[in-house]
There are 2 protein chains.
Amino acid sequence: MRHDSRLSRMLHVLIHMDRHEGAATSETIAAMLNTNPVVVRRTMAGLREKGYVSSEKGHGGGWRLGRPLSEMTLLDIYEAVGEPAVFAVGPACDQPACLVEQAVNAALSEAFEEAEKLLLSRFGKVTLADIARDFDARMARYPASAAHAGAGWHS
Amino acid sequence: MRHDSRLSRMLHVLIHMDRHEGAATSETIAAMLNTNPVVVRRTMAGLREKGYVSSEKGHGGGWRLGRPLSEMTLLDIYEAVGEPAVFAVGPACDQPACLVEQAVNAALSEAFEEAEKLLLSRFGKVTLADIARDFDARMARYPASAAHAGAGWHS
DNA sequence: CTTCATGTAACTTATGTTGTTTCAAGACTC
DNA sequence: GAGTCTTGAAACAACATAAGTTACATGAAG
C-alpha cells in the first residue's frame, strides 16, 4: 500500500512560502513538488478553507500564508489536508455478526487507537516554526545544498 | 486510502481454526470471509512459511494450526502477512536534495517511528489466545449470536 | 483412476489517486 | 476595453494496487 505524501508536501510548501517574497503561483509550487498546478490547487484548497493560506487571482496573484508558521502545528495541517486514515491496516467487516471477528477487531482497534492518539498528540506539539528552525540548522551546516537553488525560491 | 484487512482476516481465521475439528479447506474459509479460495491460499501462504499453519493436499486435506494460539502474537501474524507499511501517510521524496524537505521528513519520521514502535510493542504483547478468551466472554454474554452458525464452523 | 484439495501463474475487475485538459471568472496592466 | 495572468472547478485519462477469477498442474486419499 502506497503512502499518501500530501501532508509532507504541504509542510514543505508552507515553509518555503514563509521564506518567499510575495505570492507563490500554483505553477511555481508545482515545479517545486514535481507535480502540476491543478494538483497543487486541489490540495491547497483544504488549507485555504482553514485559513492557513489565502489565494488571489490575477496578475501578481497566487498563494500566501494566512498566519505565521509558529501558529500552525503538524496536526493542523494533517487535518486540513483531510486524512482521517492514519493507518494502512484496519479491521475487516466480512461477518459483522461474528463474535470472533468482533473480538479480533476490538483487540486491533484498541492498539490502533492508542498509537493514533500518541501520533496526533505529538503532531499537536510540533509547529511549522520548529521545522523551519531545523531547516535553518541544516542550512548552516550544509550551505551548499541550498533549497531549490534554481527554482527561484531562494535566490 | 483504503484499509488493508488481511491482518484482521487472518486473525479471524486462526481463531476459528482453533475451535474447528479437522482441517479447514480454502473454500470453507473463503465462505467465512466472503471472498474466494485462491485469495485465501495466497494470504495463508505467508502464515505457512512461518509455521503458524500447515496445509495438506488431497482428500481430507486443508489447513491446520501449526502451533497453539498462545504461541502466536498479533505481531507474529502482522509480520507473516507481510505488511511493512503501518501508516497510510508518509514522507514525500520530490526534491531529495532540498533541506526543507529533509527537515519536514525528519519531523514526520520521528513521530511516525515513535507511534509505530508503540503499536508493534503492543502487538507483541497480545496473543491469539487472549483474543480467543475475549471471544469466549462475548459468547457467554450473547450465546444467540454464535459465530457463523450456518457455515459449519460451530455446529 | 477418480475425486478432492492445494500451488501457482496469468488475467480481469474494482477502486482510488494523480495527472491532464478545458474553460469560466476575477484582477491587474496598458 | 483588450490582453494577460492567475485561481476555481469540472470532466476525463492514466496509473497503481489490491482483490477477484480462471485455468491447470500437483499431490494425496479412497
Side-chain angles (χ1 to χ4, degrees), chain A residues 1-10 13 17 20 22-49 52-66 81-85 87-94 152, chain B residues 1-10 12-13 17 20 22-49 52-66 81-85 87-90 92-94 152:
Chain A
M1 189 160 286
R2 266 187 77 79
H3 281 165
D4 185 330
S5 58
R6 283 176 298 165
L7 173 60
S8 173
R9 285 180 153 188
M10 287 303 102
V13 167
M17 284 171 68
H20 191 237
T25 66
S26 303
E27 195 157 3
T28 307
I29 295 172
M32 180 171 74
L33 297 179
N34 275 322
T35 182
N36 83 40
V38 178
V39 174
V40 170
R41 287 183 203 122
R42 219 143 57 186
T43 313
M44 302 275 286
L47 303 189
R48 185 184 48 221
E49 273 172 26
Y52 302 125
V53 297
S54 63
S55 60
E56 288 167 47
K57 291 179 176 176
H59 221 113
W63 300 87
R64 289 170 196 278
L65 288 183
V81 121
E83 297 182 279
F87 297 103
V89 13
C93 198
D94 303 311
Chain B
M1 190 157 288
R2 267 186 78 77
H3 281 165
D4 184 331
S5 57
R6 285 176 298 165
L7 173 59
S8 173
R9 285 180 154 189
M10 288 303 101
H12 185 179
V13 168
M17 285 171 69
H20 192 236
T25 67
S26 302
E27 196 157 2
T28 307
I29 295 172
M32 182 173 74
L33 298 178
N34 276 322
T35 180
N36 83 38
V38 178
V39 174
V40 170
R41 288 183 203 122
R42 220 144 54 188
T43 313
M44 302 274 285
L47 303 189
R48 185 183 47 221
E49 272 172 27
Y52 303 124
V53 297
S54 63
S55 60
E56 288 167 48
K57 292 180 176 176
H59 223 109
W63 300 87
R64 290 171 196 275
L65 288 184
V81 120
E83 298 182 278
F87 296 103
V89 12
C93 199
D94 303 311

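Owing to the predicted nature of the structure, the values given are computational and were not obtained by experimental measurement.
Between C:dG26, C:dA10, C:dG7, one nucleotide has an atom nearer to the side chain of B:Trp63 than all others, and that is C:dG7. Of the candidate nucleotides C:dA9, C:dG19, D:dA10, D:dA10 has the atom nearest to the side chain of A:Val38. Taking every side-chain heavy atom of A:Val39 into account, C:dG19 is the closest of C:dG19, C:dT8, C:dT3. The side chain of A:Ser55 lies closest to D:dG8 when the candidates are D:dG8, C:dG19, C:dG7. When each of C:dT6, D:dT21, C:dT3 is scored by its nearest atom to the side-chain atoms of B:His59, the top-ranked nucleotide is C:dT3. The side chain of A:Lys57 lies closest to C:dA25, out of D:dG20, C:dA25, D:dT22. Side chain of B:Ser26, nearest nucleotide from C:dT6, C:dG7, D:dG20: C:dT6. Nearest nucleotide to the side chain of A:Thr25, out of D:dA9, C:dA5, D:dT6: D:dT6.
Contact of the B:Val13 side chain with the B:Leu33 side chain is registered, since non-hydrogen atoms from C-beta on lie closer than 4.5 Å.
Mapping A:Gly60 and B:Pro37 onto DNA chain C by nearest heavy atom places B:Pro37 at the nucleotide closer to the 5' end. In terms of position along DNA chain C, the nucleotide closest to B:Gly62 lies nearer the 5' end than the nucleotide closest to the other residue of the pair B:Gly62 and A:Ser5. Each of A:Arg48 and B:Gly58 has a nearest nucleotide on DNA chain D; the 5'-most of these lies closest to A:Arg48.
Atom C1' of nucleotide D:dT17 and atom NE2 of B:His3 are separated by 16 Å, given to the nearest angstrom. Here the P atom of nucleotide D:dC24 and the CZ atom of B:Arg41 are 15 Å apart, to the nearest Å. Protein atom CG of A:Asn36 is 17 Å distant from nucleotide atom P of D:dA9, rounded to whole Å. Counting to the nearest Å, the C1' atom of C:dC4 and the CD atom of B:Glu56 are 13 Å from each other. Between A:Ile29 atom CD1 and D:dT6 atom P the separation is 12 Å, expressed in whole Å. We find that CG of A:Leu33 is positioned 13 Å from C1' of C:dT18, with the value rounded to whole Å. Taking atom CZ on A:Arg42 and atom P on C:dT17, their separation rounds to 11 Å, with Å as the unit. The distance from atom CG of B:Asn34 to atom C1' of D:dA19 is 13 Å, rounded to the nearest whole Å.
Note on B:Thr35: every side-chain N or O is 4.0 Å or more away from OP1 and OP2 of D:dA19.
Looking at B:Arg6 and B:Thr43, their side chains never bring a donor and an acceptor atom within 3.5 Å of each other. Remark: the B:Ser5 side chain and the B:Ser8 side chain contain no N/O donor-acceptor pair separated by less than 3.5 Å.
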